[in-house]
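Reminder, nothing fancy here: chain letters follow the sequence lines and each chain counts from 1. Below, all heavy atoms of this structure are taken into account, side chains as well, without hydrogens, waters or symmetry copies.
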Amino acid sequence: MTRMRPWLIIGAALLLAAALILLVLREYQARQAGTEVALRVQQVDPRSLLSGHYVQLNFIDAAPAGFDCDGIGLKPDQTRSWIALRWNGDHHVLAGWAKTSAAAAKLGTPVLRGDVLCLGSTEAPQVEMKIGIDRFHAAQKEAEALEALMRRPGDHAVLALVSVGQDGRARLAGLKVDGRETRLDWFGR
Amino acid sequence: MAGYRERLTADLDLWIAAGLAPAGNREAMLAMVAHPRRTDAATALVLIGALLVGAAIIALVAANWDGLPRLARFGLLIAAFLGASGGAALAGSRGRLNAANALLAVAAALYAATIGLTGQIFDIAGDPKTAAMGAGLAAGLLSLVGRSSGAAIAALVLIGFGDFAAPTSGWLLLAGLTAVVAARCWRSIPLAHGAGIAVIVGLAAAQMTFVPDHGTHGLQERALVASALLAMAALGGRWLRGREEPGAGVLYGWWVWGALWAFAAAGLSGEDLRLVHRSLWLLIAGGVIALGRHDRHALVTAAGVAALIGAVAAVMFDLGLDLVYAAAVFGLAALAALIAGWILRRRSAA
């Protein structure tokens, strides 16, 4: 091995580590700078042998009145569209979707990138928002506590706290179950 | 199995007894051959101790993983990666090239794990393809700066995973061809093995990505084209092997396997020209066995034998023979081969 090579290895390793740290910092900054919305979540499955403990997040809600949901499933022209939200008392709901952010902004704010999937029956349609977030990783005890909380009888408000960035990307900021918040921060577990 | 020195000692004694070599040169000739490296008990115990310490640290961290703050978990991962890379640099500077190679492979694997776990720790949504490709590129960079075949093989595996994550892409073929060049320049046989396999798998991924799918016939055509390309590559490898290019023999062997596998796949998904395909399969398998024996290349011979077994099994399946008949046919064929071998051995002994 030449004299230079060990230094090249150290340089490359530092570069790679710096790239990863930069990625985390940028994601954190984007999460902090974004507009926070609260979206209703349904169904939980807090364990996965391969991926650790997490809460599965499905953003399912009743379709807004007059929403064009004349067929079940994802329409081809709905892919990579923009979703518009609006505030509905205690959480945000779907206001509509459009092909461009400008068109979506006319339906409601904030707007974020994602697809809309129609579910249920045509009489009582539901919509699922696909926004690139599908799980919330948590420590084992926390995941089990969240599961126990959500499995208690009665109607529970499970909300995902989502930060919508300037780029329209949704980033998970935390989870709120029956008013109890679990936030993603540097020193949290 | 006796080492080279033991075999040479035995041969030398025979040559001296036959008067072919002077007895006075025995010690001088043997002194030119180094004693094989042996690990003494103390070194073995130190190695076992180091492994157990490593296992204990991993178990301790795993037991407390959930209790650690996010930042601490991330810091531990980065520290482990930098530790492995620093260890590789240190080992390399002291001339311990095998240790440096192994530590760089560990560093590449740790970086891939760190990418995945960082997404989990900070709940950063990302797509698996980008993560695998990023980890593959990082491993490739480490392999290039450290001249590490282990990290290069890790890069091939990660890029392969990335290629097959939706939507498929064709980067593994490019990475595999680069690895072929690196294996030749670094005179690395393990990397030649990795590169040979990567080119075969990468070709399949590239075909899935760039060649439009036209159903069964499309699959057959793609497999036949892949078989022809790999056969040509194998011929190139054979030619380079004749020129004693490092690693060429390994590439020759794997590409023969790839060409035969692709040829077999070309006939498994359709009715058309089945008889022609099966006949050619048997013929090619026999030819490859003869080629492998002629070139004294075990990997090529083994590919031919495997192809022959596959072809015979496919023909029997086509004819609708059940497993009892199949066992009888294989048994008779094995008996005939054993009898022929025994007769040939007796003739050569006479």
What distance separates A/Ile9 CD1 from B/Leu104 CG, expressed to the nearest 0.5 Å? 4.5 Å
For B/Val145 and A/Ala12, work out which heavy atoms get closest and say how close. CG2-CB, 3.8 Å
Using every non-hydrogen atom in the two residues, find where B/Leu82 and A/Ala17 come nearest and quote the distance to one decimal. CD2-CB, 4.1 Å
With a sphere of 6.0 Å drawn around CZ of B/Phe161, does it hold more than 12 non-hydrogen atoms of other residues, nucleotides or ligands? no
To the nearest 0.5 Å, atom CZ of B/Phe122 lies from atom CG of A/Leu172 at 13.5 Å
List the atom of B/Asp123, the atom of A/Arg135, and the distance in Å for their closest heavy-atom pair. OD1-O, 3.2 Å
Looking at every non-hydrogen atom in both residues, tell me the closest pair between A/Ala19 and B/Tyr111 and how far apart they are. CB-OH, 4.4 Å
Test: salt bridge (Lys or Arg N to Asp or Glu O under 4.0 Å). Region: residues 168-194 of chain B. Which pairs qualify, not counting sequence neighbours? B/Arg184-B/Glu245
Note: vs chain B, highest number of non-hydrogen pairs under 4.5 angstrom among A/Ile21, A/Leu23, A/Leu15, A/Ile10 is A/Ile21
Find out whether A/Leu16 and B/Leu142 are in side-chain contact, i.e. whether some heavy atom of one side chain is under 4.5 Å from a heavy atom of the other. yes
Would you please test A/Leu184 and B/Arg70 for side chain to side chain contact (heavy atoms under 4.5 Å, CB included) and show each step? CA-CA 9 Å; A/Leu184 289 167; B/Arg70 289 189 180 88; 3.3 Å; yes
Contact class of B/Leu117 relative to chain A, heavy atoms under 4.5 angstrom: neither
Above 12 or not: heavy atoms from other molecules or residues under 6.0 Å from CH2 of A/Trp7? no
Taking ring pair (Phe, Tyr, Trp, His ring centres under 6.0 Å) as the definition, give me every residue that meets it alongside A/Phe59, ordered by chain and number, with sequence neighbours left out. none
Is there side-chain contact between A/Val24 and B/Ile121, with heavy atoms separated by less than 4.5 Å? no
Would you check if the side chain of A/Arg5 reaches a backbone N or O of B/Gly92 as a donor-acceptor pair within less than 3.5 Å? no
